[in-house]
Amino acid sequence: MAFEKDFNLDATELRLGLPGTSEESEKQASTTLRISNKRAMTDMNEDSSVAADKKCDQETAPPTKAQVVGWPPIRSYRKNSLQTKKTEAETCGMYVKVSMDGAPYLRKIDLKMYKGYPELLKALEDMFKFKVGKYSEREGYNGSEFVPTYEDKDGDLMLVGDVPWGMFINSCKRLRIMKGSEARGLRCVV
Amino acid sequence: MSEDDERQQSPPSDLDFVSTKARNCNATGSGSAYPDQVLNNVLENVLHFLTSKRDRNAASLVCKSWYRVEALTRSELLIGNCYAVSPARVTARFARVRALHLKGKPRFADFNLMPPDWGAHFNPWALAMAKAYPWLEKVHLKRMSVTDDDLVTLAELFLGFKELSLVCCDGFGTGGLAIFVNKCRQLKVLDLIDSEVTDDDTDWISCFPEGESHLESLIFDCVECHVNFEALERLVARSPSLKKLRLNRYVSIEQLYRLMIRAPQLTHLGTGSFSPSEIAGQGDQEPDYVNAFAACKSLVCLSGFREIIPDYLPAIYPVCANLTSLNFSYANITAEQLKPIISKCHKLEVFWVLDSICDEGLQAVAVTCKELRELRVFPVDAREDSDGLVSDVGLRAISEGCRKLQSILYFCQQMTNAAVIAMSKNCPDLVVFRLCIMGRRRADHVTGEPMDDGFGAIVMNCKKLTRLAVSGLLTDKAFDYIGRHGKLIRTLSVAFAGDSDIGLKYVLEGCPQLQKLEIRDSPFGDAALRSGLHHYYNMRFLWMSSCSLTRHGCQEIAHAMPHLVVEVIRSADEEEMDTAAEILYMYRSLEGPRTDVPKFVTIL
């Protein structure tokens with residue numbers, strides 16, 4: 001049935017890498033088109049991987065053919081209408097506050113700048129001068145004093161990395177880098 | 001003719017030299033005045049019943065008397081090219097015009113192929129009409145430049161003005177609209193379709209006069225600015241005759257609901273964004289959208305869905321069975337999201353959709369929509385190297401399921417001759433066949449052959465075909481087919497096709513009904529242009545851009561044909577004395593070179 005496509009089993013698959021990294025899903029996703037769809041959870045993963053991929057493709061793919069004026073013959077109004085959704089989403093930015101326990105002031109980052117968890121965590125590490133440790137689904141982050149967490153739409157405190165990247169950037173309201181000792185009880189309860 | 005309607009074109013009403021013949025022949029009863037008068041009265045009463053332009057043109061050619069009476073009684077004027085005839089000539093001939101249809105720029109201007117400010121100003125027409133036909137009720141403009149002042153003219157100088165329809169127009173804004181709607185107390189129809197409306201920060205919706213309105217149609221889905229919703233709601237509430245309402249994307253689904261419950265008599269609805277406003281929280285009580293749609297028992301035409309949240313689609317289930325027209329061409333939905341809707345649309349005759357539904361979605365359409373007459377499939381991603389979502393598979397499926405198809409516009413990345421041939425056989429009623437293979441000069445992706453045979457089959461098998469747009473890899477052979485078999489073709493669009501002059505020759509020599517020919521980026525030169533001399537007076541226009549024409553070649557044509565206006569248009573930065581003719585736009589005209597020519601246009 002069609003439902004199987006929607007479960008995105010890859011995302012929950014046990015892997016050694018950090019969540020959000022999957023070459024296959026990135027390649028496949030590049031063929032789907034952006035759907036500016038606030039609600040459909042099932043589309044979110046594809047949606048965001050495409051967002052990330054558009055940037056990725058631009059860097060690594062061979063240069064696209066120069067577009068010819070007026071071809072294909074679509075009226076500007078129609079082109080712009082469909083594009084508005086793209087660019088509005090693209091230029092909007094997804095800024096969230098980032099706090100770190102013990103730091104005097106907060107920072108703000110644009111989640112859309114990152115393709116996945118690895119980039120995000122690296123950026124946080126650089127910004128706050130700490131190391132994040134190794135992630136595993138079972139044990140969270142091991143080997144570090146600090147743990148990246150976030151507050152989601154429902155106001156709950158979650159561990160960064162547990163959910164697929166797409167779902168994460170759509171539900172993350174703010175980030176908090178907690179002291180490891182406080183974070184001990186935090187596990188993915190799925 | 002437009003891309004939207006395929007009314008039969010008639011013999012030219014704008015060519016005076018044909019009707020001069022008529023003038024020279026005498027009417028009967030050259031004796032006393034009375035028989036003439038009686039005859040004229042009778043004629044007038046009889047001709048009053050003639051409505052079609054074709055019939056009227058024919059009647060006007062019978063003799064001088066008939067010409068005069070016809071001119072007195074013609075109430076609806078259709079002018080396919082605003083530069084073919086001047087306002088002065090029109091007002092001199094026709095005495096009692098109530099409705100004016102006027103078309104300006106050529107269609108390729110829609111795709112940025114023409115520099116802006118080329119012309120087609122409504123202003124001289126507005127002023128001339130105001131003097132000659134103060135009782136004018138209806139104005140329909142397509143691809144014209146309309147200013148705010150023109151809107152004011154319409155509102156102030158035509159007392160009983162009832163209907164304004166602006167399709168693909170520009171040059172005006174919400175400021176002009178505000179004055180227009182305020183002063184037109186008898187307004188029944190305001191249709192703004194695919195037009196560019198400047199946001200002057202004016203709340204035009206509030207400017208409709210208070211009290212019961214006569215509005216029957218209000219279409220503003222192309223207006224890209226917020227509207228005062230409360231004012232709109234009050235307007236709808238006091239418009240009992242309102243049948244057509246098409247909202248813009250700034251109207252949320254909650255607002256749509258409020259309007260729908262006030263206007264269950266609607267027959268045509270454009271739903272606006274079809275998504276909730278951002279302010280609505282997730283926990284809020286949602287209105288009963290299904291009920292609102294169920295209450296609209298007369299709804300036959302549905303469009304909008306400009307920012308659709310597919311979760312809300314089931315709301316339209318109650319109206320599907322009655323729909324004859326459904327426009328999803330701004331709704332990025334999948335096949336799975338489409339299926340539950342389309343499976344209920346048994347009566348659907350017109351369907352516009354995005355290729356996001358893929359071949360699978362088209363197959364679903366083919367299963368249910370047996371009455372389909374017109375299909376348009378637009379690309380979500382309009383670039384020539386984007387991934388193709390629909391293909392020959394979808395086209396074939398449609399041809400097998402929708403046998404009554406008359407008109408198709410299909411954008412795809414790749415196609416096969418076999419699928420096009422199948423359509424030519426399965427859909428013999430095709431009048432309009434427009435296939436746009438977005439990859440330029442792309443061959444049949446299975447055989448590697450040019451697409452000649454596919455289009456050849458279309459012109460051979462579809463005996464009613466009047467409009468054709470070709471694409472893909474095409475040799476002169478394709479044009480040979482068109483010239484041989486496309487005997488009814490009136491409009492032909494060619495892009496990136498053909499090998500040599502002979503291709504164009506085939507068409508100009510073979511298609512006697514050809515009215516509108518638009519060609520871009522094809523290797524046709526001066527010799528090919530010459531081969532159409534016998535026919536150009538029968539055409540509305542010829543457009544050729546980025547072909548192999550020279551100024552000299554165009555000059556020859558201009559010299560040979562005095563009633564042809566030959567415009568050579570260059571892009572802003574081009575040199576004046578360039579030998580190549582980048583854009584040729586030529587059209588028959590009674591007036592000679594127009595006086596409002598911008599700098600980048602040279603009339604030869």
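Chain letters run A, B, ... following the sequence lines, proteins first, then strands; residues in each count from 1.
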| message | How about CD on A:Glu151, more than 12 heavy atoms from neighbouring residues, nucleotides or ligands closer than 6.0 Å, or not? | response | yes

| Min side-chain heavy-atom separation B:Phe111-A:Val69 under 4.5 Å | no

| field | B:Tyr330 six-ring face occupied by A:Arg78 cation (under 6.0 Å, within 45°) | value | yes

| query | Rounded to the nearest 0.5 Å, how far does CH2 of A:Trp71 lie from CG of B:Asp521? | reply | 9.0 Å

| Say you draw a straight line from CD1 of A:Ile74 to CE of B:Met438; how long is it, rounded to the nearest 0.5 Å? | 7.0 Å

| said: Quick check on B:Phe411 against chain A: is it the side chain, the backbone, both or neither that has a heavy atom closer than 4.5 Å? | reply: side chain

| In terms of heavy-atom proximity below 4.5 Å to chain A, should B:Cys168 be classed as side chain, backbone, both, or neither? | side chain

| message | Using modelled atom types and a 3.5 Å cut-off, is there a donor and acceptor pairing between side-chain atoms of B:Arg520 and backbone atoms of A:Gly70? | response | yes

| query | To the nearest 0.5 Å, what is the distance between CZ (A:Arg75) and CZ (B:Arg107)? | reply | 8.0 Å

| field | Atom group of B:Ile333 that falls short of 4.5 Å from chain A, counting heavy atoms | value | neither

| For B:Asp199, does the CG atom have more than 12 heavy-atom neighbours from other residues, nucleotides or ligands under 6.0 Å away? | yes

| query | Say you draw a straight line from OH of A:Tyr77 to OG of B:Ser195; how long is it, rounded to the nearest 0.5 Å? | reply | 10.0 Å

Identify each donor-acceptor pair in which a side-chain atom of residues 97-105 of chain A lies under 3.5 Å from a protein atom, sequence neighbours left out, and give them as a table.
residue, atom, partner, partner atom, Å
A:Asp101, OD1, A:Arg176, NE, 3.2
A:Asp101, OD2, A:Lys179, N, 3.2

| field | Any side-chain heavy-atom pair of B:Glu224 and A:Asn80 under 4.5 Å | value | no

| query | So, for A:Ser76 and B:Asn112, which heavy atoms are closest and what is the spacing to 0.1 Å? | reply | OG-OD1, 3.7 Å

| field | Considering all heavy atoms, the nearest B:Ala382-A:Pro72 contact | value | O-CD, 3.3 Å

| For the atom pair NZ (A:Lys79) and CZ (B:Phe378), what is the distance rounded to the nearest 0.5 Å? | 13.0 Å

